[in-house]
There are 2 protein chains.
Amino acid sequence: MIAASGFNPVRTGRNCRDSINMSKSTINDVARLAGVSIKTVSRVVNREAGVRDATREKVEKAIAELNYWPNQSARDLAASKAHLICLVYDDPSAYRLPSAGYIIRLQEGVLRVCRSHGYELLIHPCNYRDRQVGDELKVLIHRARPAGVVLAAPLSNFPKIVKAISATGTPFVRLSPGQKLTGERVVASNDRAFAAEMTCYLASLGHRRIAFITGHPKHKAVGHRFDGYRDGLKRSGLEFSERLVMAGDNSFGSGEAAAMTLLQRKQRPTAVFAANDDMAVGVLRVASRLGIPVPEQLSVAGCDDITLAEQVHPALTTIRQPFSTMAERASLMLVKGTEESEKPNGTVVVPGTLKIRESTGPAP
Amino acid sequence: MIAASGFNPVRTGRNCRDSINMSKSTINDVARLAGVSIKTVSRVVNREAGVRDATREKVEKAIAELNYWPNQSARDLAASKAHLICLVYDDPSAYRLPSAGYIIRLQEGVLRVCRSHGYELLIHPCNYRDRQVGDELKVLIHRARPAGVVLAAPLSNFPKIVKAISATGTPFVRLSPGQKLTGERVVASNDRAFAAEMTCYLASLGHRRIAFITGHPKHKAVGHRFDGYRDGLKRSGLEFSERLVMAGDNSFGSGEAAAMTLLQRKQRPTAVFAANDDMAVGVLRVASRLGIPVPEQLSVAGCDDITLAEQVHPALTTIRQPFSTMAERASLMLVKGTEESEKPNGTVVVPGTLKIRESTGPAP
DNA sequence: GTAGCGGTTGACAACGCTGTCAGGTTCATT
DNA sequence: AATGAACCTGACAGCGTTGTCAACCGCTAC
């Protein structure tokens with residue numbers, strides 16, 4: 001298939017005509033009206049090269065006149081692959097976590113690519129704690145035959161899930177996986193680097209006792225942030241101390257719990273950096289409850305820039321994760337990978353950006 | 001098509017066997033292995049009646065052995081309709097509104113139906129301010145040929161959008177439309193009723209000056225809540241006063257603005273009921289800034305039960321909108337409508353439920 | 001013994017498109 | 001004027017299902 005990077009079936013420039021004419025005309029009708037063969041219409045529709053301008057115009061006119069749109073099922077059948085990208089992520093309704101924003105951003109990213117390349121997006125939330133999840137994904141892929149699969153974190157870290165998808169032979173890209181495998185496509189953000197950056201930022205404000213709340217142990221990418229925290233400490237000439245590290249599990253509640261412990265010490269930290277925003281907001285909540293003014297007496301920073309981060313008071317300093325861009329890049333690899341020559345493996349890193357808001361300030 | 005209400009292609013009870021065997025076997029292979037005709041395999045796969053048990057078992061065994069899954073494109077082509085439900089909603093990235101939770105819930109609802117009926121979900125956020133949106137939807141429908149379209153609010157209120165979908169002839173269901181048209185399918189929640197209920201609840205706490213912040217004028221369903229507010233006032237024997245009504249636009253910011261005005265009056269209201277949660281949270285924020293304790297000096301209530309409602313401090317009293325259930329019911333109408341005899345129009349009402357949390361209390 | 005009738009099965013033609021390949025045109029080159 | 005080469009175009013065979021319809025089987029009813 002030649003398929004120029006263009007995508008959508010050609011339509012003459014003018015807007016869709018009144019399509020009261022919903023007569024689902026076929027390529028045959030167009031061919032007849034234009035006085036050419038089916039194949040030629042197909043060529044025009046797919047923007048294949050090698051059609052004389054005059055012919056193309058005739059065909060385009062006929063297409064517009066009949067309000068023709070190719071039948072996707074037939075196309076996919078003939079080309080033996082569906083114009084579909086499948087986005088697989090952790091089911092938000094399984095937890096009660098506010099991961100909605102994360103998912104929406106992922107979807108946005110994939111959708112951008114879909115729109116520009118004539119693909120459709122199939123979404124598939126699933127629950128990794130479900131025993132059957134591997135089979136479920138295989139079935140999905142067998143049924144839908146998508147051009148590729150984008151596997152979002154934290155699912156991208158579960159071997160059984162990766163294996164299941166891999167077994168189908170369908171191209172896939174992992175997002176923010178904890179560890180990389182060889183010969184595999186990955187899009188990640190630089191968690192370690194930006195966590196270090198945040199730590200340095202806090203240190204530069206004069207903080208000396210910077211606590212860290214770790215993420216869910218299964219979520220590897222979040223784990224890298226801990227490494228980044230240590231990097232940042234070292235780079236700022238600060239001592240690492242176990243006492244300043246609390247274990248969290250990415251949830252709001254675990255952030256609260258950690259803060260309860262940290263903030264009630266006689267010598268409490270002057271800054272708390274949480275591995276994600278949910279926990280950071282938990283810290284904020286506890287601080288408010290304990291009457292500790294933020295940022296005057298305590299600086300709080302998170303990671304991810306969830307919607308809530310902006311709405312909470314004081315607005316949370318955090319790191320904006322480029323989720324949507326990551327998903328976009330991943331989808332692009334998939335789309336290109338099938339249209340052009342199969343690309344080899346590759347890792348794309350999309351950088352996150354510091355969002356400094358109100359919850360951080362000079363050390364007291 | 002006979003198609004029992006069952007859906008997924010039959011698989012023998014046991015789990016998928018090791019499917020290293022990803023050989024994309026076709027119905028032909030199965031037929032050969034089982035020693036029957038293609039058509040018989042098709043019957044078994046589709047759970048059609050009239051296959052002898054012994055034959056069915058032979059076929060199921062062959063299916064399991066070859067790890068066969070029907071090709072969706074081929075199916076859709078032959079049956080001339082795709083097993084797809086299309087969910088169309090307002091693009092959250094177009095605004096900067098935190099509508100992610102809303103969308104995720106809608107998706108959840110549709111997905112439940114998809115899963116149980118062998119459909120897939122196609123999502124299509126779009127921007128109603130875009131001139132081309134009608135054509136865009138027509139193209140989508142022409143291309144994907146979904147079994148039906150679920151049109152979410154606030155999009156369900158725009159005539160040009162409804163018309164465009166209607167013109168394609170594809171069955172569709174509107175969610176929470178502002179006004180109903182005849183001969184049309186609708187799923188709505190009882191906005192007016194529950195807004196009245198909330199108002200009565202506040203009145204029952206002793207509040208006499210209950211303010212209301214209206215929603216975006218274009219969002220009709222939210223408009224009904226204003227009517228409900230007046231109903232509630234009347235039912236509680238309270239006088240309606242223009243002075244207690246502020247115009248909002250569904251955004252956090254507009255909630256803040258309204259609160260700034262309301263709460264700085266010498267005789268401020270003792271309760272504020274906002275037409276949605278975003279605005280209610282805005283009120284909470286302003287109250288905190290002005291040092292007005294909630295709920296001791298001021299009760300605040302919202303509508304929708306967005307994720308944030310639970311996380312904010314104090315947790316927001318609100319009304320849980322049954323978005324996910326609404327989407328589910330809508331999808332069900334679509335799926336049934338195409339599988340069974342075309343159902344006539346109908347309106348389904350799914351009730352919302354009061355969620356009383358910390359932000360409301362007895363009048364001071 | 002035979003017509004008739006459910007119950008069961010298979011042959012075959014779509015479904016609407018793409019890929020392959022051969023055939024036809026056009027045009028510059030010898 | 002003949003020879004290619006480059007360019008266009010169309011015939012045709014799938015792609016893997018489902019729908020239609022005819023055929024067959026075994027049995028009951030006459």
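No hydrogens, no waters, no symmetry mates; every other heavy atom, side chains included, goes into these values. So that the names make sense, note that chain A is the first sequence line, chain B the second, and so on, each numbered from 1. All of these numbers come straight from a predicted model, not from anything done at the bench.
Within the 4.0 Å cut-off from OP1 or OP2 of D:dT18, at least one side-chain nitrogen or oxygen of B:N46 is found. Residue A:T40 has no polar side-chain atom (N or O) positioned under 4.0 Å from OP1 or OP2 of D:dC8. Taking 4.0 angstrom as the limit, B:N28 places none of its side-chain polar atoms (N or O) nearer than this to OP1 or OP2 of D:dG16. Taking only side-chain nitrogens and oxygens, A:R52 never comes nearer than 4.0 Å to OP1 or OP2 of D:dC8.
The interatomic distance linking B:I63 (CD1) with D:dG16 (P) rounds to 16 Å, in whole Å. Rounding to whole angstrom units, CD of residue A:Q72 and C1' of D:dC15 are separated by 15 Å. The CH2-P distance, from A:W69 to C:dC15, rounds to 23 Å in whole Å. The CD1-P distance, from B:I27 to D:dG16, rounds to 11 Å in whole Å. Distance B:D76 CG to D:dT18 C1': 11 Å, rounded to the nearest Å. Across the protein-nucleic acid pair, B:E48 atom CD and D:dT20 atom C1' stand 12 Å apart, rounded to whole Å. Atoms NE2 (A:H83) and P (C:dC17) sit 13 Å apart, rounded to a whole Å. Following rounding to the nearest Å, B:K39 (NZ) and C:dA11 (C1') show an atom-to-atom distance of 12 Å.
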> Please walk me through it: do B:S324 and B:R112 pass side-chain hydrogen bond (donor to acceptor under 3.5 Å, both in side chains)?
Replying inline: CA-CA 9 Å; B:S324 144; B:R112 276 201 296 278; 2.6 Å; yes
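Between B:V51 and B:A74, the one whose closest nucleotide on DNA chain C sits nearer the 5' end is B:V51. Between B:S42 and A:A78, the residue anchored nearer the 5' end of DNA chain D, judged by the nucleotide with its closest heavy atom, is A:A78. Projected onto DNA chain C by closest heavy-atom contact, B:S37 and B:R145 fall at different nucleotides, the more 5' of which corresponds to B:S37.
Between atom CG of residue B:L137 and atom NE2 of residue B:H124 there is a gap of 5.0 Å, rounded to the nearest 0.5 Å. To the nearest 0.5 Å, the span separating OG on B:S166 from NZ on B:K138 amounts to 10.5 Å. In this structure, CD in B:Q132 is found 6.0 Å from CG in B:D130, a value given to the nearest 0.5 Å.
Among the nucleotides D:dG10, C:dG10, C:dC17, the one closest to the side chain of A:Y68 is C:dC17.
Across all strands, A:S73 comes closer than 4.0 Å to no nucleic acid atom at all (heavy-atom distances).
Between the B:S42 side chain and the B:I38 main chain, no donor and acceptor come within less than 3.5 Å of each other.
A donor-acceptor contact under 3.5 Å is formed by the side chain of A:R43 with the base of D:dG10.
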